[in-house]
Structures are given as C-alpha cells and as structure tokens.
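When a ligand or atom number is given, it counts from 1 through the structure's own listing order. Heavy atoms only: backbone and side chains are in, while hydrogens, waters and symmetry mates are out. One-based numbering along the sequence shown.
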Amino acid sequence: MTKGRFITLEGGEGGGKSTQVFRLAEKLRRLGLPVVTTREPGGAEGAEIIRKLLVSGDPGRWDAMTELLLHFAARRDHLRRTIWPALERGDWVLSDRFADSTMAYQGYGHGLGRAVVEQMYTLVLGDFRPDLTLILDLPVPEGLRRSEDRGGENRYERMDVAFHERLRQGFLEIAKLEPARCVVIDATRPMEAVADAIAAAVGSRLSVSL
Ligand code: TMP
C-alpha cells in the first residue's frame, strides 16, 4: 500500500485535461500538499521517447496490438521511474491520462476489446489502480475543433470521427463499470466551472477541503 494519492484525468481530445491538471495541482499545493504532475504517454525519460513513436507519423503506422504494447511499455517505465517513487514518498500524483486511455483508444477505438486490454493491464500493473479518475466528457466534434484550434495535431487527432465516437462511449462505459473510482465531468462548460467540479469531486472522494 502506498502513502500518496493517485489521481488521473481522462477523456477524448480537446477536453482541457492539461489545464485542469495544472489548476488542480495549484489547489492542492495551496493546502501544503506535495504534488507531482505528469502525463501519458510519457512522464519519464524512456516513456517520453516511446511517446514520440506513438504520437507522430501516419495514423496507420502501428497496428492496434503494437500500439497497446507501446503504451504499456511507456506506462511501465513511467510507473517505475515517476509514479511509484512519488507515491512511496507520500506525494499526490496527478496524471494527464493513464490506463483508461488505453482501454478507450485501443480497446474501444481500435476494437481490441476489453478482455485483451484487461489481461495486459494485469500483467503489467497487477492490481495497482488510481484512487480517483476524472473523465472529462464532451461531444466529439467540439473536442476535435478545440484541439485543432490549439494546433500541433497528433497522430490520434487525424483518426476518423467514428474512432473518436467509439472511444468517447468507451470512457463513459468505464465510468459506469467502476463508479467508485470514476467521476464523469461535463467539459463543455467554461474552464472555471470545470475546475470547480473537479475540486468538488476530489474533495468529496478523497476527503480534502479544496
Ligand atoms: P495527449 O495528446 O493527450 O498528450 O495524448 C497523446 C495521444 O495518445 C492522445 O491522442 C491519446 C493517445 N493515447 C492512447 O491512444 N492510448 C493511451 O494509453 C494513452 C495514454 C494515450
């Protein structure tokens, strides 16, 4: 059992996860809590190298299984180098994406299915789970429009709309299957309202007053 807390922010493209990780970190630090912010794919030196392979190039560069393996290889490095040591120290770790993205993108989006992703999860992570997962949900066209406006399009943003619709439904299904861990946040609202909803969820689920 680790001493810290592990919170993940999840969802499709353009939901504002990175901004919200930053906002939540500020709020927790104001309480004097030690906070580490990180992201996936990436968050450690080796994992960032693997990230480049995943987010650049042609949409069809890898088949679904290869993507699954690369995401889990990056995740294992991220856990060993960054997440587990921080949790051991008692830090609060906030990650912009984690394993639910693999379930949604590779499991639902690419159609590998839940069972394959779950097997890989157990092999690589055992029974390690986030304490809380916030799923930032918004309609696909709006999310893709927002991420396009932001510029710097990645490989996944070039995949078709049906792929993005499947992964959105995937995230919503994950939340239904694991209500004790997951909270769905309506990300169509203004940034401040989303930040407040996140603070409320963290406050009530993890017993802190934000
Ligand atoms: P980012 O742009 O949100 O940082 O994430 C990079 C892309 O990687 C994003 O489009 C989602 C995708 N992704 C997966 O397909 N599977 C995963 O397991 C993770 C963590 C991300």
Worksheet item: Using a distance-only test with no angle check, is there a side-chain donor-acceptor pair under 3.5 angstrom linking Thr188 and Glu142?
Response: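 No, no side-chain donor-acceptor pair sits under 3.5 Å.
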
If I apply the N/O under 3.5 Å rule, does [X] come out as touching ligand 1?
X	result
Thr102	yes
Arg97	yes
His71	yes

Using a strict 4.0 Å cut-off to heavy atoms of [X], name the atoms of ligand 1 that fall inside it.
X	result
Arg51	1 (P), 2 (O), 4 (O)
Glu40	20 (C)
Gln106	14 (C), 15 (O), 16 (N), 17 (C), 18 (O)
Tyr105	10 (O), 11 (C), 14 (C), 15 (O)
Val55	6 (C)

I'd like to know whether ligand 1 has [X] as a neighbour, heavy-atom separation below 4.0 Å.
X	answer
Arg39	no
Leu54	no
Arg75	yes

Worksheet item: How long is the span from the CG atom in Leu9 to the CD1 atom in Ile198, to the nearest 0.5 Å?
Response: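 Separation between the atoms: 5.0 Å.
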
Worksheet item: Atom CZ of Arg5 and atom CG of Leu87: how far apart are they, to the nearest 0.5 Å?
Response: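 Atom-to-atom, Arg5:CZ and Leu87:CG are 10.0 Å apart.
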
Heavy-atom nearest neighbour in the protein, as seen from [atom], with distance rounded to 0.1 Å:
atom	value
atom 2 (O) of ligand 1	Asn154 ND2, 3.2 Å
atom 9 (C) of ligand 1	Glu13 OE2, 3.6 Å
atom 7 (C) of ligand 1	Tyr156 CD1, 3.6 Å

Worksheet item: For Glu67 and Tyr105, what are the C-alpha separation, side-chain angles and deciding distance, and is it a side chain to side chain donor-acceptor pair (under 3.5 Å)?
Response: CA-CA 10 Å; Glu67 266 186 29; Tyr105 281 72; over 6 Å; no

Item to complete: Test ring pair (Phe, Tyr, Trp, His ring centres under 6.0 Å) on Trp84 and Phe128 and set out the steps.
Response: CA-CA 10 Å; Trp84 284 336; Phe128 177 79; 5.7 Å; yes

Worksheet item: Is the Lys NZ or Arg CZ of Arg168 less than 6.0 Å from the centre of Phe171's six-membered ring, within 45° of the axis?
Response: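 Judged by the rule (NZ or CZ under 6.0 Å from the ring centre, within 45° of its axis), Arg168 is not positioned above Phe171.
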
Discussion item. Students often mix this up, so state it plainly: with edges at 30° and 60°, are the rings of Tyr156 and Phe163 parallel, tilted or perpendicular?
Written reply: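 Parallel: the ring planes of Tyr156 and Phe163 meet at under 30°.
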
Discussion item. Checking the side chain of Glu157 only, and the main-chain atoms of Glu148 only, is there a donor and an acceptor separated by less than 3.5 Å?
Written reply: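 Absent.
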
Discussion item. Quick test of your reading of the model: are Arg181 and Glu178 salt-bridged, counting only N-O distances below 4.0 Å?
Written reply: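 So Arg181 pairs with Glu178 through a salt bridge.
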
